[in-house]
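For reference, the structure discussed in these notes is given below.
Computed from heavy atoms alone, side chains included, the values below leave out hydrogens, waters and symmetry copies. Indexing begins at 1, ligand by ligand and atom by atom, following the structure's order.
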Amino acid sequence: MRVDVITLFPELVESVAAHGVTGRAARAGLLELVSWNPRADAGDRHGTVDDRSYGGGPGMVMKVEPLRTTIRRARQAVPVPASVVYLSPQGRRLQQNDVRDLAAQPRVILLCGRYEGIDERLLNTEVDDEISLGDFVLSGGEIPAMAVIDAVARWLPGALGHEDSAAADSFSDGLLDYPHYTRPESVDGLHVPGVLLGGDHQAIGRWRCKQALGRTWLRRPELLAGQELDADSRRLLREFIDEYRADDRDEPV
Ligand code: 4GS
């Protein structure tokens with residue numbers, strides 16, 4: 001998959017392709033990352049890409065023309081169609097199913113804003129989709145773009161180790177992850193749950209499924225509300241809730 005990123009800070013975004021899973025995906029040719037700096041398309045010797053806001057107020061706004069030129073140059077660089085995705089808190093919240101859909105595309109162009117934002121006319125004419133990382137304000141779209149690239153790279157066939165798959169990740173089944181443990185077996189009197197030491201893989205699978213359901217019920221009940229659980233999952237969740245109540249723990253809100 002090819003990801004083009006339009007950003008005033010190309011080095012920042014390119015660093016995502018230098019480490020870890022994304023680094024390996026890039027070196028293996030599964031992920032091709034190309035960055036474009038709109039400053040190169042500013043058309044004046046100062047590289048002006050921003051200007052004061054009509055209507056007044058603090059902060060600058062990114063101008064239409066340099067970004068429009070850069071987006072069009074990026075689009076035309078290869079004959080592979082791409083949607084332009086703007087990272088902004090005004091977009092819909094990114095979910096794992098959006099990530100999976102993006103990873104199935106041959107190409108995407110990510111647009112990173114800085115300052116107060118981008119002139120609305122550029123967004124209305126050149127942008128296909130707007131996504132948000134969450135309800136908080138960052139100083140630029142670069143970190144969200146890197147997060148999207150990281151999440152997408154995990155779905156590219158071969159990017160994870162052979163026995164791993166993105167479909168097995170937390171959220172891909174709509175649930176939170178189950179707890180993980182590694183050596184030693186005991187730390188300051190805190191023990192690894194016995195079932196994980198016994199080698200009964202069916203029992204381990206059931207325990208993990210039950211924990212994933214139970215933790216989702218406790219911490220993110222709205223994720224369960226949007227799901228049709230099968231009979232096995234309903235039974236495991238019922239067991240979790242009964243044990244939780246038997247321990248007289250506080251109910252989730
Ligand atoms: C986000 C966010 C963000 C908004 C960029 C103000 C600079 C900033 N982008 N998810 N202008 N949250 N963008 O905060 O995507």
For Val187, the hydrophobic cluster (side chain heavy atoms closer than 4.5 Å, chained through members) also holds none
Grouping ILVMFWY residues whenever side-chain heavy atoms fall under 4.5 Å, the cluster of Tyr181 otherwise contains Val192, Val195, Leu196, Leu197, Ile204, Trp207
For this session: Say whether Tyr54 and Val64 are linked into one hydrophobic cluster, either directly or through other cluster members, by side-chain heavy-atom distances under 4.5 angstrom.
Result: no
Exactly which residues line ligand 1, taking a heavy atom under 4.0 Å from it as the test?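 Residue list for ligand 1: Leu87, Ser88, Pro89, Gly113, Tyr115, Ser132, Leu133, Gly134, Phe136, Val137, Leu138, Ser139, Gly140, Gly141, Pro144.
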request  = Anything under 30° is parallel, anything over 60° is perpendicular, the rest tilted; go ahead and classify Phe240 against Tyr244.
outcome  =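 Ring orientation, 0 to 90° scale: parallel.
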- prompt: Who pairs with Ile143 by side chain to side chain contact (heavy atoms under 4.5 Å, CB included), at least two apart in sequence or on another chain?
  reply: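 For Ile143 there are no side chain to side chain contact (heavy atoms under 4.5 Å, CB included) partners, ignoring immediate neighbours.
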Check: Just checking, is any N or O donor in the side chain of Ser83 or Asp129 under 3.5 Å from an acceptor N or O on the other one?
Finding: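 Their side chains do not contain a donor-acceptor pair, so the 3.5 Å distance test is not met.
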